[in-house]
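All remarks here apply to the structure that follows.
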Amino acid sequence: MSEVYAPPVQRLITELGKLPGIGNRTAQRLAFHILRVSDEDAGALAEAIREVKQRIGLCEVCFNLADGPRCRICQDERRDAGLICVVEEPGDVIPIERTHEFRGRYHVLGGAMSPIDGIDPEDLKIAELLTRVGEDVDPPVREVVLATNPTTTGEATALYIADALRERTPEIAVTRLASGLPVGADLEYADEVTLGKALVGRRAV
Ligand SMILES: [Zn+2]
């Protein structure tokens, strides 16, 4: 690309263009917007990005986002520790929470198995899940709900985990969200009524 803009402007456009869903034109528009706003507003944006990267890590128990060693849900004694909902990404916890149908805890895998992209079971928090449900804790884990996305990779991941759980901890029920979710879509985009029904109607796998 020809160097139309001064290097700092070009750098900002390049960085913004790396964000998902932001093409070059949108990146340019955002960059010019940032150039127009006050120093305070631009500084607040930069500081918010810096702070989230410094303060937010992964929960040591469930790998959800946390601003300390444990996330809010794992710290909440009222949440049923005997019921674990397995999701792909931290962003999937929010739509499930919005349904108000789930009072258990979570386990965030950090993605889904995808041989094409080189994502193997070892790249996800599957071993950690198997260890967690196998631990001698009170109350013991009695059900694992597999809420990976209804996509090819999400289904493959759910099947893999279901097999592993059946083999290692056959006493624990393994369930999958009921059908009704749009096939191929991400949980993130499911409306809460559909997702709530899928949770209530979950079936054994
Ligand atoms: Zn947690």
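Just so it is clear, the structure is predicted and the values come from calculations on it, not from any experiment. As the structure lists them, so they are numbered: ligands from 1, and atoms in each ligand from 1. One is the number of the first residue; the rest follow in order along the sequence.
Side chain of H107 to backbone of E128: no donor-acceptor contact under 3.5 angstrom is found. For the pair E143 (side chain) and T175 (backbone), a donor-acceptor distance under 3.5 Å is absent. Judged by distance alone, with hydrogens and angles left aside, the side-chain atoms of R55 form no donor-acceptor pair with the main-chain N or O of D67 at under 3.5 Å.
Among all heavy-atom pairs drawn from G111 and E89, the shortest one is CA-OE2, 3.5 Å. The two atoms that bring I96 and C85 nearest to each other are CD1-SG, 3.8 Å, heavy atoms only.
Protein N/O/S atoms nearer than 2.8 Å to the Zn ion (ligand 1) total 4.
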Requested in this report: Check the pair V145, V86 against side-chain contact (heavy atoms from CB on, under 4.5 Å), reporting the backbone distance first and the verdict last.
Outcome: CA-CA 6 Å; V145 186; V86 177; over 6 Å; no

